[in-house]
Amino acid sequence: MSKKFINHLSKTLAEIENDGLTKFERPIHSPQGARVQVGKEDLDQGSVLNLCANNYLGLANHRDLKAAARTGLEEYGFGMASVRFICGTQDIHLQLERRLATLLNKDDAILFAACFDANGGLFEPLLGANDGIVSDALNHASIIDGIRLCKAKRYRYANSDMQDLEKQLKQAREDGAFNLMIATDGVFSMDGYLAKLPDIVDLAKRYDAMVMVDDCHATGFMGPKGAGTPAHFGVDVDILTGTLGKALGGAIGGYIAGPQVVIDLLRQRARPYLFSNSLPPMVVKAGLAALDLIEGSDELRQQLFTNTKYWRSGLQSLGFELQPGEHPIVPVMLGEAQLAQDMATDLFKRGVYVSGFFYPVVPMGQARIRTQMNAALTIDELDFALNAFEQVGKKIGVLS
Ligand SMILES: *Cc1c(COP(=O)(O)O)cnc(C)c1O
């Protein structure tokens, strides 16, 4: 590689560091869970409470999922060494697609290696140059990239701003869009806010648009049976995308669920589906086990929301400023980036693992610590974490 190019990359890295935007990865020496082992060099006790995983239902190390993964490994082998359409489809892949479609009340579903790929492959086969996509400004990077790969005309509306959405829909209609699609996250993960689906669906009807919802931070626990944000609001949307990498076990895998023709066409045309490997049997079997747990009982969801309420009201009575809401994402608002970083560092030393978020991930002056609840946390653990938040909040002057 030329010296010139290496210098160019080094300069970019230096800029990232100078801006204080370098991301560090902290090695964990245990399975994912309510409590994780970190390096002895990090911490005296070596273990911390984890309040920053997307492990909403605590399934990432659940015995049923591990048993199912073992069965998958023994009965179906380690890998498929093929894309789906050549020789990479086992009966269990079809079962999982069927089960996801049933949970989400759609005709069919199609698996991808990740939801990033599902969103990356969704738009281009469905919409062309004469069509339009109206997208929420805070949508996940994978939706933004998926839309970029598609020839449809792009319209962006301010986050959850229904007046702006209507303005953009009007504009798209004036521009002569043939087919029109609204794309939104079901839950905006920096704030834990839900998309205003009833209003969105209503506007979609009025402007003859379809609605696509990415429900990565909702499927499995929001709404009756964990069917996600449309079920939560009691509305119907056209297309749902989601992940096996969060509440449904936390490993890997994504999917799209929708009308039969949509899924049939995606199997023919979605590039990340056609040109990327089939999901490994262990992951597929564990996904089926996750759906068994999710559909079989409300227990884990109830525990998650009991924990969420306890945590939210605990932080509130200590005097912290929170983003309002009901989702297990509970952001503690701090304002300045340095404050969020100092607080996260101090909490970690006291055995509570949280992550600070600041510009450019969130708007300038709205730095925060994003906490996330899960069903595996106990009330004692939450009390321990509340105590740590109180100590640190007082020490750094956020609480009086
Ligand atoms: C996590 C997430 C994704 C990516 O999912 P993967 O399966 O990890 O690729 C896509 N969209 C949203 C809204 C997410 O939160």
Side-chain angles (χ1 to χ4, degrees), residues 23 25 32 52-57 59-60 65 93 96-97 100 104 109-123 133 135-149 156 159-160 181-197 200 211-223 226 228-230 232 237 239-258 266 270-273 276-280 282-284 286-287 290-291 325 327-331 355 357 361-362 370-374:
K23 293 174 189 63
E25 299 180 6
Q32 185 61 277
C52 51
N54 300 315
N55 185 23
Y56 294 109
L57 296 173
L59 299 185
L65 271 71
H93 292 89
L96 181 56
E97 288 174 337
L100 285 165
L104 302 170
I110 174 174
L111 291 170
F112 288 81
C115 189
F116 204 104
D117 292 317
N119 288 336
L122 170 68
F123 301 98
I133 304 177
S135 174
D136 189 289
L138 285 194
N139 276 344
H140 191 264
S142 54
I143 299 182
I144 295 169
D145 286 7
I147 292 174
R148 273 190 197 144
L149 293 170
R156 209 167 82 129
N159 176 232
S160 286
M181 186 184 283
I182 302 171
T184 182
D185 281 12
V187 176
F188 296 97
S189 61
M190 288 302 128
D191 299 287
Y193 292 163
L194 309 191
K196 297 173 179 165
L197 290 187
I200 291 173
V211 180
M212 170 272 176
V213 173
D214 173 344
D215 236 2
C216 278
H217 284 281
T219 305
F221 59 96
M222 294 301 294
T229 51
H232 171 87
V237 303
I239 295 171
L240 277 164
T241 69
T243 184
L244 302 177
K246 290 180 176 126
L248 306 188
I252 193 86
Y255 55 85
I256 299 171
L266 291 173
R271 293 166 68 83
Y273 183 80
S276 188
N277 210 18
S278 182
L279 277 181
M282 289 176 290
V283 166
V284 176
L291 291 180
H327 193 272
I329 291 173
V330 183
S355 191
F357 287 80
V361 179
V362 295
R370 183 181 75 173
T371 64
Q372 285 169 286
M373 285 295 102
N374 72 64

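All of these numbers come straight from a predicted model, not from anything done at the bench. Order of listing sets the numbers, starting from 1, for every ligand and every atom in it.
Of all atoms in ligand 1, listed by their number and element, those nearer than 4.0 Å to a heavy atom of K246 are 1 (C), 2 (C), 3 (C), 14 (C), 15 (O). Within the listing of ligand 1, atoms 15 (O) sit less than 4.0 angstrom from a heavy atom of H217. Listed by number with element, the atoms of ligand 1 under 4.0 Å from a non-hydrogen atom of S142 are 10 (C), 11 (N). Counting the atoms of ligand 1 from 1 in the order shown, those under 4.0 Å from a heavy atom of D185 are 13 (C).
A donor-acceptor pair under 3.5 Å is formed between the side chain of T243 and the backbone N or O of G253. Put simply, the side chain of D117 never gets that close to the backbone of F112: no donor and acceptor are under 3.5 Å apart. Between the side chain of D215 and the backbone N or O of T229 there is at least one donor-acceptor pair closer than 3.5 Å. Proximity of a side-chain donor or acceptor of H327 to a complementary backbone N or O of H217 within less than 3.5 Å is detected. Of the possible donor and acceptor atoms, none in the side chain of Q372 sits under 3.5 Å from a partner among the backbone N and O of Y56. A distance-only check finds a donor-acceptor pair linking the side chain of N139 to the backbone of A183 [under 3.5 Å].
Residue C216 touches ligand 1 through its side chain alone, judged by heavy-atom distances below 4.0 Å.
At the top of the distance list for atom 5 (O) of ligand 1, counting protein heavy atoms only, stands C115 CB, 3.3 Å. For atom 13 (C) of ligand 1, the closest non-hydrogen atom of the protein is D214 OD2, 3.2 Å. For atom 9 (O) of ligand 1, the nearest non-hydrogen atom of the protein is F116 N, 2.9 Å. For atom 8 (O) of ligand 1, the closest non-hydrogen atom of the protein is T243 OG1, 4.1 Å.
Proximity of T219 to L104: side-chain heavy atoms (C-beta onward) are separated by under 4.5 Å at one or more points.
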